[in-house]
Amino acid sequence: MRRALGSRLEIRGLSVDLGEFHLRGIDLSIASGEYFVILGPTGGGKTVLLETIAGLHRPRAGRILLDGEDITAAPPERRGMGFVYQDYALFPHLSVRENIAFGLRLRGLSRPAVAERLAEVGDLLAIGHLFHRPPSSLSGGEQQRVALARALVVEPRLLLLDEPLSALDPETRERLQRELGRLRRELGLTVVHVTHDFEEAVALGDRLAVMHAGRVVQVGPPEEVFRRPATEFVARFVGVRNIFEGRLRPGDDGYQVLPLGAVEVAVVTELSGRAHISVRPEEIIISREPLRSSARNAFRGRVVEVSERGALAYITVRVPPEFTGVVTRRSLEELALREGEEVWIAFKASAVHVF
Amino acid sequence: MRRALGSRLEIRGLSVDLGEFHLRGIDLSIASGEYFVILGPTGGGKTVLLETIAGLHRPRAGRILLDGEDITAAPPERRGMGFVYQDYALFPHLSVRENIAFGLRLRGLSRPAVAERLAEVGDLLAIGHLFHRPPSSLSGGEQQRVALARALVVEPRLLLLDEPLSALDPETRERLQRELGRLRRELGLTVVHVTHDFEEAVALGDRLAVMHAGRVVQVGPPEEVFRRPATEFVARFVGVRNIFEGRLRPGDDGYQVLPLGAVEVAVVTELSGRAHISVRPEEIIISREPLRSSARNAFRGRVVEVSERGALAYITVRVPPEFTGVVTRRSLEELALREGEEVWIAFKASAVHVF
Amino acid sequence: MRIAFALLGALLVLFVAVPLLWITLSAPPALLWQTLLDEEVQDAILLTFAASLAATVLAFVTGVPLAYLLARTDFPGKHLVEGIMDVPVVVPHTAAGIALLMMFGRRALLGRALGTLGLRFVSAVPGIVIAMLFVSLSFLVSAAREGFEAVDPRLERIARTLGASPWTAFWRVAFPLAWRNILSGMILMWARGLSEFGAVVILTYHPMVAPVLLYERFESFGLDYARPVATLIILICLATFVALRLVSRRER
Amino acid sequence: MRIAFALLGALLVLFVAVPLLWITLSAPPALLWQTLLDEEVQDAILLTFAASLAATVLAFVTGVPLAYLLARTDFPGKHLVEGIMDVPVVVPHTAAGIALLMMFGRRALLGRALGTLGLRFVSAVPGIVIAMLFVSLSFLVSAAREGFEAVDPRLERIARTLGASPWTAFWRVAFPLAWRNILSGMILMWARGLSEFGAVVILTYHPMVAPVLLYERFESFGLDYARPVATLIILICLATFVALRLVSRRER
């Protein structure tokens, strides 16, 4: 396998019309060796974007540049991009070995050269023992490894992954997710990875683009998208829970305040007038007594719902309005939080995102 | 809608052979008004079990009792059970209204009676405005609501749900999950809910049964399955991470110890000889200095991996062996945990599950 | 590649379309009108339509249940039954006619038994019907089977849990959802029945169906006499076929 | 319900199976053997097989590309092309024969042009081939189309990203995956060609294919003379059909 850095990709003003899918004015610039995640709801045209990058659809307008070279009109077989679909799309009439060798054979490599590369990729992905099997006999995780091997063995300049983990069960998904991270580091690949799963995007992506209705609505590092969603859609999509709308007005000490129900929330912002605010559940501290802390916002409320999700519990507190905080199961027991109990919540003014 | 309690279901020694699916010696006893979750990996025969309860397959052996009455040979139309499939299975040739009225019409209800019941269930599930639409025009969440309404409107003695949430996007899933909890409380239903998602099982189930390879391997309240998995399969399936195997020997203070790599783990158990132990990640406290605490197990190690998953981060610490703990993002920043750093981990002997 | 494929495919399309266009366009309308007024021609066309319709109805009553069983159940000998349902396509038409004649002929066992009930097959309309039924039933059975296979069996299961008997589940769910396929199978079967010549001519020369009439005119008077009849029959068949297709497409 | 359905379905199965069984079982083997040694019968059977095979090959070369285009692309007039490919099933066989005769006959434009190249259609083998091709091509096209539709287009897309040209992607991925359907379409088409009588008899009475020979014996000498020939033809057709089905099922 090549260990050099992958290619640099630039997309300029790309528009695609394909049946019910429409992409509009997509601009992206992906650096060499970057792991770039495109995040968006299912059926939002993310696959069409990947396929257009691979040359499988003709764009209506716009240009695609690979290492500065315009490839907008190049057929897919000349682009040197590896493609992996969500449901693997292995050739059902070929063995695992023949699946992986497919691209090598087309390149006219000699028998020994093919065998050498197969052995190498077999080791890399730990699938050497599956080579003689038909794809239909493999588990989902094994099939996805084979699909990855098939794409990687031809040393692509760019690896395109179309929801590669979403058809797998949680355990396999997690393992393959780690594997993708490792492959990317070891091979120095440029990766464009499409997903609807925010956690996957955070775990893997150097940067991510959020797509909505055929447009890119935000691009940035995961932390930034997570903390400062550009639109309400992004906020809801990445799982921000406490979203409120109101009219900002100046408060004391240089803060602004947003009146909400019975209380006023202090925020730090340059904005004025009507605005959205959001607070991430993990920024909200829940206690049985008023906290002495630097948190500017502290309110008394009543627990109206406790929803346990695995190791965590989401606590909804009606002040009003209703804020949702998250605690570990351990805290849940220590604080003996139950519906109807009176509690205090607190969060810092700087933890409030205004948009 | 009826507000009386649902029926009591008993399954005794049930075996089913259906193509590639085999159920073997299933014994379950589900109380009136209970929300019972059957948990297992995809394709493990959970659907076949539900369909057999509904009378859609003939069991090879065993009996099914509903409120004490043997219904093993009764045809499905006499059992009065509501069934909801993962992908809704709405009648595509009928409108939403006709879908929901299907069961009522078969019961020969008068027109006004049908209309009244439709209005009631329309309110209950907030789908009244969809009545004139064809099912194909609905979103996944709306379709699932209609499927629920269709099953509930005939006042079933038992509600059978076959992965009702897994085809939905995360936000809709969460909303419908809350709704299921509410419906169950309001209508006093007995529910049997099949899923492969442990968090869903914890959030909804009064008790759950874990299925593996056509058998029930553990039955109990979620907490118990979570904390004391009966087999390694259950442990891995419910997401327990720190699983080790070793030979127990007596330690001091009445504890037993299990030597692992460089350290010995103190545990509380009646078992002896070779055994598995597991520690849930949230039971492991991670700190920069040695903790003064009551935790019997405290080891020094080095962070080898930090994996961020949404609001949480999983920290793998090599002692050796490798333990994985979980912290919030906030702690991650406060403790400034990074790969290569030296840290202390601690957990109570009573937090170690031995099996 | 697409261009090469399109050129090859166009050859086949032209091979079908051009002779049909040529025969319909080259006939003077006046001659066609005159042919249409020929009572013998009218009788033959009406007989053809009616006999094929009767065959289609018979196949609907027996073939739709069979198709449902083939789509939904496994039983010993299923492959054999599937094979038998395909056989009529393969058996040469004249040989099929002879085989039917040996069962339903005046001297044959079944033919004699039914003859005492007043049902005559040789040189009679029932003979035309069974000949058409034999050669065209495969179309309806296979279309209906495909239709039923495309219906998710879980829809019927849901109907059962909602209180439907197997009959009700069939009539309210499976049948309406497979109806489009069944209808297009019936159209195809009916059209195939119209077109049959070899099997019909062995069992029943008189009364004459349209293809037999056409053959007789060709044999007795030559191509020029047969042409207007052929044109007329082709036009009527095409028009009916297109109309039925449009109707069946508009359904839902 | 299943019992009622099974009874109705059984009627249809018996209607097909019993006449065929009866005609094959009631023939004395010695008579069949004697018929098989009849040179005229041998020639007719071989000619039928060969002509139908030629028609199938022609349809393979043109119909498979057409089926691929119909499965994969949208183009203006697609519905029209689909309709045209279904028409041969609907057109009465004798009328199809007349239409072909008007294109390929000795006095017709195309027939005369090809005649100068030494290709004669009337009363010659090429006439048999085009008659068989016309009436049976729908089977191959629709089977191949179904086969291509069942191949996930993303497999070809993956092949393209791995360096395959459109041709290579077709031959290495789409064609092998659709091959089973194509093969069974070819078998059905070939069998349908064997069975054709009406269209062939109009274009080419001599040299005689088996269905024509059978008709001639029936007309000239009566049922008793036609019976052994019919039995023999049915047996040969069934045997070939079953053998080919088994072969095509064993493939992968």
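We name chains A, B, ... by the order of the sequence lines, and we start the count at 1 in each one.
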Region of C/Phe104 in contact with chain D, defined by heavy-atom distances below 4.5 Å: side chain

CZ/C/Arg217: more than 12 non-hydrogen atoms of other groups inside 6.0 Å: yes

Partner chain C: residue of D/Asp86, D/Leu70, D/Val209 with the largest heavy-atom pair count (under 4.5 Å): D/Asp86

Top contributor to chain D contacts, counting heavy-atom pairs under 4.5 Å, from C/Val212, C/Leu110, C/Ile23: C/Ile23

Selection from D/Val18, D/Val81, D/Val242, D/Leu20 maximising heavy-atom pairs under 4.5 Å formed with chain C: D/Leu20

Proximity breakdown for C/Thr24 and chain D, heavy-atom pairs closer than 4.5 Å: neither

Which atoms of C/Val91 approach chain D - backbone, side chain, both or neither, heavy atom under 4.5 Å: both

Gap between atom NE2 of D/His93 and atom NE2 of C/His93 - 0.5 Å precision: 5.5 Å

Which of C/Leu194, C/Leu101, C/Leu188 touches chain D most, by non-hydrogen pairs under 4.5 Å: C/Leu101

Members of residues 5-12 of chain C whose heavy atoms come closer than 4.5 Å to chain D: C/Phe5, C/Ala6, C/Leu8, C/Gly9, C/Leu11, C/Leu12

Side chain proximity check, C/Arg192 to D/Val90, heavy atoms < 4.5 angstrom: no

Under 4.5 Å from any heavy atom of chain D - which part of C/Leu223: side chain

Under 3.5 Å donor-acceptor, D/Thr94 side chain and C/Leu214 backbone: no

Toward chain C: residues of residues 126-135 of chain D with heavy atoms under 4.5 Å: D/Ile130, D/Leu133, D/Phe134

Per-residue contact mode, D/Ser165 against chain C (heavy atom under 4.5 angstrom): neither

More than 12 heavy atoms from other groups under 6.0 Å of CG on C/Leu25: yes

Contact leader toward chain C among D/Ala99, D/Ser26, D/Gly63, D/Ala230, where contacts are heavy-atom pairs under 4.5 Å: D/Ala99

Which atoms of C/Glu196 approach chain D - backbone, side chain, both or neither, heavy atom under 4.5 Å: both

Part of D/Arg107 within contact of chain C (heavy atom distance under 4.5 Å): side chain

Contact check, side chains of C/Pro19 and D/Met102, non-hydrogen atoms, under 4.5 Å: no

Heavy-atom contact with chain D under 4.5 Å, split by part of C/Met1: both

From CD1 (C/Ile98) to CZ (D/Arg227), nearest 0.5 Å: 10.0 Å

Toward chain C, the part of D/Ile202 with a non-hydrogen atom under 4.5 Å: both

Within 6.0 Å of CZ in C/Phe221, more than 12 heavy atoms from elsewhere: no

Contact origin within D/Val16 toward chain C - heavy atom pairs under 4.5 Å: both

D/Leu109, CG atom: more than 12 neighbouring heavy atoms under 6.0 Å: no

Part of C/Ile84 lying under 4.5 Å from any heavy atom of chain D: both

Chain C contact via D/Val229 - side chain, backbone, both or neither, heavy atoms under 4.5 Å: neither

Side chain / backbone / both / neither for D/Thr48 at chain C, heavy atoms under 4.5 Å: neither

Under 4.5 Å from any heavy atom of chain D - which part of C/Phe15: both

Region of C/Val201 that comes under 4.5 Å of a non-hydrogen atom in chain D: side chain

